[in-house]
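Data first, discussion second: the structure below is written as structure tokens.
Everything quoted here is computed from the prediction, not taken from an experiment. Protein chains get the first letters and strands the later ones, always in sequence-line order, with residue 1 at the start of each. Heavy atoms only: backbone and side chains are in, while hydrogens, waters and symmetry mates are out.
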4 protein chains.
Amino acid sequence: MAREKDENKRIAVLQSSKLLFSSKGFMNTSIADIVRETGMSVGTIYTYFKSKDEIVRAIVEEGWSSLYSRIEAAMAGAQSVQDKLKLLIGGFFPELLQDLPLIHILLSEAIDYTRLEEKVERITDLVFTLLKSDRAGAEGWPGVSRQMLRTGLIVIFLGVLNAVKIARRSSLGIRSEDILGFVEFMARGSLGVQL
Amino acid sequence: MAREKDENKRIAVLQSSKLLFSSKGFMNTSIADIVRETGMSVGTIYTYFKSKDEIVRAIVEEGWSSLYSRIEAAMAGAQSVQDKLKLLIGGFFPELLQDLPLIHILLSEAIDYTRLEEKVERITDLVFTLLKSDRAGAEGWPGVSRQMLRTGLIVIFLGVLNAVKIARRSSLGIRSEDILGFVEFMARGSLGVQL
Amino acid sequence: MAREKDENKRIAVLQSSKLLFSSKGFMNTSIADIVRETGMSVGTIYTYFKSKDEIVRAIVEEGWSSLYSRIEAAMAGAQSVQDKLKLLIGGFFPELLQDLPLIHILLSEAIDYTRLEEKVERITDLVFTLLKSDRAGAEGWPGVSRQMLRTGLIVIFLGVLNAVKIARRSSLGIRSEDILGFVEFMARGSLGVQL
Amino acid sequence: MAREKDENKRIAVLQSSKLLFSSKGFMNTSIADIVRETGMSVGTIYTYFKSKDEIVRAIVEEGWSSLYSRIEAAMAGAQSVQDKLKLLIGGFFPELLQDLPLIHILLSEAIDYTRLEEKVERITDLVFTLLKSDRAGAEGWPGVSRQMLRTGLIVIFLGVLNAVKIARRSSLGIRSEDILGFVEFMARGSLGVQL
DNA sequence: AATGAATGAGTCTTCATTCAT
DNA sequence: TATGAATGAAGACTCATTCAT
């Protein structure tokens, strides 16, 4: 009856659903599955969420913004652009990569409720801005237009997510360290950014 | 004799389904949709395909292998490793990127019938092998293990596909040229490969 | 709390289905028929039964065991073997013969869900045992092996069921009294058992 | 094109269908099954039979009447009523029991096309008539009305068929010899007929 | 607020039959 | 006559959502 109790239920639904959606897929997860997993009744689930769609949306939106606001807070304390970039690569990314279920859902077919584009734009914009100010006043990178760089960041970001997603299925061992290592290698070699 | 099985019909089913699957998703496309789109009867669809799954599988497998065998043929005629790499980046990739519906399906939740991992492994293996022989006898790339390189190629490949997939939805203009341009920029800057 | 699962509905489904199955046959009865007959919705039927098979199984199993346990209870109170036999012939049989729909289903093609063999074996075993103890220590019946007697009981039992089943269709009037009368006549004449 | 060739095809369809119907049941056998089994085309099957129903009907009708006319011919040559009865029990019955597939179909759910009642009536009438003339002018059997006797014969006949049908499924060994042996035992003991 | 039975549109698939070749 | 592709009604079952209790 108290608000706290309610909030706990909401979170429980979110957690169970997240796991289910990420492992079986959104469409292959039924409300009945969530009921089974949470131990709640159908009705209860519908008092916390208007629909199944609503649940994915909440998982993604809340998962993402929690991650995002944490990194923003951390970056606010950073002095140099370099430090900020380091925080991103060393903080945000690894944390995101940790959250496999979120990644799965983000890339899933339920993309309509997921608005991946928005997230991609926001995060790559951030990196883009940082990179630009790192080279403020300077020449940028020869042969690379702004648009191309921006696009490149999107490629890398999505590539990382997708590689992590696929890692489990692939027989070739894809490891997070290698993924991040490669990103750093690229950043250094191509953009001259030391992370 | 009776009417012969009509290859054109098979292809029509494949084409309609491809468009439907790629725009609405595999699970959100019903056989009824395909019936409507092709103008055929349910029964006819089932004389050409054993099941709905079978249809995606055919779309992906045939789409991919046609692409792949074309590039193999082209590469067979190439002399140097450099040329082969160029063919890949300048031939296979752009062609693949053209086939948006295929990319959508490849990355979709119907991944079980799609075996994306296999395709990723095969194509990145190819690139990996080429890169290695480009540096045959030499030192490779300092600070980059083989595994990391391999993983990196996967990241790039998947990133490219996903960026293309998202392009339509994103308001920021993602263009194929930029994507490829960036890949080349990376290849040059980080791997020292001129494409 | 929500509405409770309503035993009456379960029974209503069972009753309607029993009639439908027995008159049109199991395979020729569709869930839609049951829906029409019960006035319930498809979904409701499926909240009470997992599948169509489940429905026949329940009809047969519950119908049979109710019959069987009633006769067992009655026979428990009987003193002599003679009395027990009389109860069987005069109690169980007539009651079973009353339940035409059950007989129809029991003999129907849905035999896989029906396990008629089991029922036949059980009931004929019972009779067999009674007959044996009726003649305990004595010579049995000359020229009739145990196996033959057992088989004979099966023949009679199945014959009775089938005759009842066919009665409705046959223009020659087959009446239950005659069927039972004949069985008694046989029992007396061939086995020397007075019923 | 010659008539002979056609008749062979007709028979082939009948034979294959008989086996299929008897083992899988009428409803569970598809025209496609028959096509597979006969090696003919759907169209061809439909030039010999107007419908699936038609096929069962032909199987039953032709199977039965061939059996029946053979026994009639044999009985025509018999002198005494006794001999005729012996021919029935020793000739017709065993032959019928041999034809398991026919029995299965006769008792199957496709009973609508099968007209089992007719066959039952005809054969039991025959036996009834013979029994009557065996006792012509005499007292018949005390305590057994004509109707009851007639009904009894039906019971026995159907019981025999059904027992044979069930034999395969039952774990208790039901053997044809025992079935026939029991019938003779009954005939002797209850009706005083020596077979 | 919590419950879970009720609902019925929608899913994929099968199959007897027809008919163009 | 033979063939088998074409047809589409019908089948069993699922599941997000509602609503009586």
Please check the phosphate of [N] (OP1 and OP2 only) for any side-chain N or O of [X] closer than 4.0 Å.
X     : N      : answer
A:K9  : E:dA2  : yes
D:T44 : F:dT3  : yes
A:Y48 : E:dA1  : no
D:T47 : F:dT1  : no
D:K52 : E:dC15 : no
C:Y46 : E:dG8  : no
A:S41 : E:dA2  : no

- Query: Can any side-chain N or O of D:T38 pair as donor or acceptor with the backbone N or O of D:M40 at less than 3.5 Å?
  - Reply: yes
For [X] and [N], give me the distance from atom [atom1] to atom [atom2], rounded to whole Å.
X     : N      : atom1 : atom2 : value
B:K5  : E:dA20 : NZ    : C1'   : 17 Å
C:I34 : E:dT7  : CD1   : P     : 16 Å
C:M27 : E:dA16 : CE    : P     : 11 Å
C:R10 : E:dA5  : CZ    : P     : 14 Å
D:I45 : F:dT1  : CD1   : C1'   : 15 Å
B:I31 : E:dC12 : CD1   : C1'   : 7 Å
C:N28 : F:dA12 : CG    : C1'   : 15 Å
C:I55 : F:dA12 : CD1   : C1'   : 11 Å

- Message: Please classify the nucleic acid contact of D:F49 as base, sugar-phosphate, or nothing, using heavy-atom distances under 4.0 Å.
- Response: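 Contact class for D:F49: none.
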- Task: Go through the side-chain N and O atoms of A:D6 and A:Y48 and say whether any donor and acceptor fall under 3.5 Å apart.
- Result: yes
- Message: Regarding A:T44 and A:T47, do their side chains bring together a donor and an acceptor under 3.5 Å, going by distance alone?
- Response: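 A:T44 vs A:T47: no donor-acceptor pair found between side chains.
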- Message: Nearest to the B:V42 side chain among F:dG4, E:dT14, F:dT18, which nucleotide is it?
- Response: E:dT14
- Query: What nucleotide among E:dT13, F:dA12, F:dA2 has an atom nearest to a side-chain atom of C:S30?
  - Reply: F:dA12
- Query: Across all strands shown, which nucleotide pairs with E:dA2 by Watson-Crick or G-U wobble geometry, both distances under 3.5 Å?
  - Reply: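 Check on E:dA2: paired to F:dT21, both distances under 3.5 Å.
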- Task: Look through every strand shown and name the nucleotide pairing with F:dC15 as Watson-Crick or G-U wobble, where both distances are under 3.5 Å.
- Result: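 Its partner is E:dG8 (Watson-Crick or G-U wobble, both distances under 3.5 Å).
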- Starting from the C-alpha separation in whole Å, work towards a yes-or-no answer on salt bridge (charged side-chain N to carboxylate O under 4.0 Å, His left out) for C:K18 and C:E62. CA-CA 12 Å; C:K18 188 176 180 178; C:E62 292 171 26; over 6 Å; no
- Query: Of C:E54, C:K52, C:E61, C:R57, which is the lone residue that meets side-chain contact (heavy atoms from CB on, under 4.5 Å) with C:Y113?
  - Reply: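 With C:Y113 as partner, C:E54, C:K52, C:E61, C:R57 yield a single side-chain contact (heavy atoms from CB on, under 4.5 Å), made by C:R57.
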- Start at the 5' end of DNA chain F and walk down; is the nucleotide closest to C:G43 or to B:M40 reached first?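 In this pair, the answer is B:M40.
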- Checking salt bridge (charged side-chain N to carboxylate O under 4.0 Å, His left out) for the pair D:R36/D:D33: CA distance, chi angles, key distance, verdict? CA-CA 5 Å; D:R36 211 171 300 120; D:D33 289 331; 2.9 Å; yes
